[in-house]
Amino acid sequence: MAKILIAFDTVEEGFEELKRKHELTFPPKGRDFSREELLEMIPEYEVLCSVFDIPVDSELIERGSQLRLIANYAVGYNNIDLAAAARRSIVVCNTPHAVVEPTADLALALLLGCTRRICEWDKVFRCEREKVDRGRLSRLGSNLYGKTIGILGFGNIGAAVARRCKAFGMKVLYNKRHRLDPLDEERLDIEYIDKEELLRRSDVISLHTPYTPDTHHYIGQKEFEMMKPSAILINTSRGAVVDEHALVAALRTNLIAAAGLDVFEFHDEPLPELYDLPNVCLTPHIGTQTYDSRVEMAVELCNNVLGFLDGDRPYSRVPMPQ
């Protein structure tokens with residue numbers, strides 16, 4: 001039996017098979033293990049199950065003298081020092097499948113929140129109650145039907161967002177590092193264009209690119225100046241893909257109309273100015289925060305660990321730096 005350290009608090013369902021076959025250590029219910037606890041415990045364990053907001057840096061990896069696998073409970077893995085793991089020949093896994101549908105749902109919810117000004121109306125209605133202005137020109141929203149969404153990063157989540165937007169009658173543009181086969185584009189009824197043209201033509205820009213050194217501030221002042229004044233930015237990828245100071249300036253000066261954000265640049269906390277802007281819809285990184293998806297993520301995580309340890313199933317291995 002392998003010793004497996006679960007660094008984070010989560011649902012209990014989904015771990016049954018892994019519990020039967022290996023020795024698991026969970027944190028006390030209601031909290032994650034602290035960094036100090038992880039540093040003290042890690043030398044005893046072969047597998048570390050981590051999550052996106054727990055840094056797995058070189059110090060922690062070097063302390064894991066028996067560590068063979070880091071299994072991340074997330075699709076992203078920028079919390080893990082891949083170079084340090086590669087030096088130790090430690091395998092890294094992620095959960096790219098279970099996160100797709102709930103994250104796409106949230107992206108669309110944020111989009112609807114912005115186009116129909118739901119957060120703004122909710123706040124005003126609660127404050128003014130029966131005195132709220134229901135006038136015909138008060139806080140007009142916009143339709144989705146007939147609008148164009150530009151998706152930057154067309155992986156599984158981007159494709160799931162595209163399916164939803166097509167159902168709303170939207171035109172879908174996309175850009176990614178490696179273009180799809182033209183037959184797939186025709187089947188999906190989507191159009192590939194370069195990033196700059198996508199920014200100029202889109203009514204909505206939805207970000208689904210992973211965070212890497214190349215995508216740091218992928219959207220900044222220059223990109224906001226290319227967008228329509230009526231454009232809406234949706235970010236459910238990683239916070240630092242957007243230059244958040246430039247975003248605040250763009251929203252304040254009407255370079256763009258609105259933003260729906262589930263992730264933030266600075267330790268996943270919004271800049272204070274974002275709280276006060278009425279044209280922003282904010283959620284605290286809850287893309288997968290449904291019970292169903294957390295159970296599915298637990299199952300996928302456990303399948304990764306079992307596939308690595310027992311060799312009886314495929315597992316989602318992260319590409320490592322050379």
Side-chain angles (χ1 to χ4, degrees), residues 104 106-124 137-154 157-158 161-162 164-165 168 170-175 191 193-209 211 215-266 268-283 285 287:
L106 183 67
L108 196 66
L110 289 169
L111 176 53
L112 287 165
C114 291
T115 56
R116 298 310 304 268
R117 304 176 74 165
I118 292 170
C119 295
E120 190 176 350
W121 271 115
D122 179 84
K123 182 177 180 180
V124 170
L137 299 180
S138 175
R139 294 182 176 84
L140 289 175
S142 58
N143 296 340
L144 292 182
Y145 184 83
K147 298 296 195 303
T148 296
I149 183 169
I151 297 176
L152 290 171
F154 201 85
I157 298 173
V161 170
R164 286 158 172 78
C165 290
F168 274 79
M170 300 184 76
K171 177 179 176 60
V172 177
L173 309 175
Y174 84 99
N175 180 269
E191 179 184 352
I193 57 175
D194 65 35
K195 175 186 173 184
E196 290 74 19
E197 188 65 16
L198 181 148
L199 294 173
R200 293 186 182 98
R201 288 175 53 184
S202 298
D203 300 296
V204 179
I205 293 93
S206 191
L207 302 177
H208 302 285
T209 183
Y211 180 66
T215 60
H216 180 76
H217 287 185
Y218 191 59
I219 301 294
Q221 179 67 22
K222 179 180 72 172
E223 287 74 23
F224 289 124
E225 291 174 352
M226 296 179 189
M227 297 180 193
K228 298 178 180 181
S230 57
I232 295 169
L233 179 73
I234 305 297
N235 190 10
T236 55
S237 58
R238 285 293 183 264
V241 169
V242 176
D243 180 342
E244 204 162 292
H245 287 287
L247 173 61
V248 168
L251 290 164
R252 280 178 165 172
T253 60
N254 300 314
L255 272 179
I256 65 171
L261 308 171
D262 185 49
V263 290
F264 307 95
E265 181 175 0
F266 304 102
D268 243 353
E269 293 293 333
L271 286 176
E273 297 92 327
L274 288 172
Y275 289 114
D276 299 323
L277 289 169
N279 52 346
V280 181
C281 187
L282 304 173
T283 52
H285 206 151

Could you verify whether a donor N or O on one side chain and an acceptor N or O on the other, from H217 and E265, lie under 3.5 Å apart?
yes
Could you tell me whether the side chain of [X] and the main chain of [Y] form a donor-acceptor pair under 3.5 Å?
X	Y	result
K195	Y218	yes
E120	R139	no
D262	G287	yes
N235	L261	no
N254	A257	no

Quick one: does [X]'s side chain get under 4.5 Å of [Y]'s, heavy atoms only?
X	Y	value
F224	V242	yes
L251	L274	yes
I219	M227	yes

Cation-pi check, R116 onto W121 ring (under 6.0 Å, within 45° of axis):
no
When rounded to the nearest 0.5 angstrom, what is the spacing between [atom1] in [X] and [atom2] in [Y]?
X	Y	atom1	atom2	answer
L112	R164	CG	CZ	12.0 Å
S202	K147	OG	NZ	13.0 Å
L140	T115	CG	OG1	12.5 Å
I151	M170	CD1	CE	9.0 Å
R201	E191	CZ	CD	4.5 Å
R117	C281	CZ	SG	12.5 Å

So which heavy atom on [X] is nearest to which on [Y], and how close?
X	Y	value
I205	A231	CD1-CB, 4.2 Å
G153	H208	O-CB, 3.2 Å
C114	I234	SG-CD1, 4.5 Å
V263	R238	CG2-C, 3.5 Å

Are L108 and F168 close enough, and set up right, to give a side chain to side chain contact (heavy atoms under 4.5 Å, CB included), and what steps lead you there?
CA-CA 10 Å; L108 196 66; F168 274 79; 3.5 Å; yes
Please work out which of the three classes, parallel, tilted or perpendicular, describes the rings of H216 and Y211, given edges at 30° and 60°.
perpendicular
Would you sort out whether V161 and I149 count as a side chain to side chain contact (heavy atoms under 4.5 Å, CB included), showing the intermediate values?
CA-CA 10 Å; V161 170; I149 183 169; 4.1 Å; yes
Name all residues meeting the salt bridge (Lys or Arg N to Asp or Glu O under 4.0 Å) criterion together with D122; count only those two or more places apart in sequence or in a different chain, and write none if there are none.
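Checked D122 against salt bridge (Lys or Arg N to Asp or Glu O under 4.0 Å); matches are R126.
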Matching residue for E223 among L152, L255, L247, L199 - test: side chain to side chain contact (heavy atoms under 4.5 Å, CB included)
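Of all the options given, the one that passes is L199.
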Step by step, work out the ring pair (Phe, Tyr, Trp, His ring centres under 6.0 Å) result for H245 and F266.
CA-CA 11 Å; H245 287 287; F266 304 102; 5.6 Å; yes
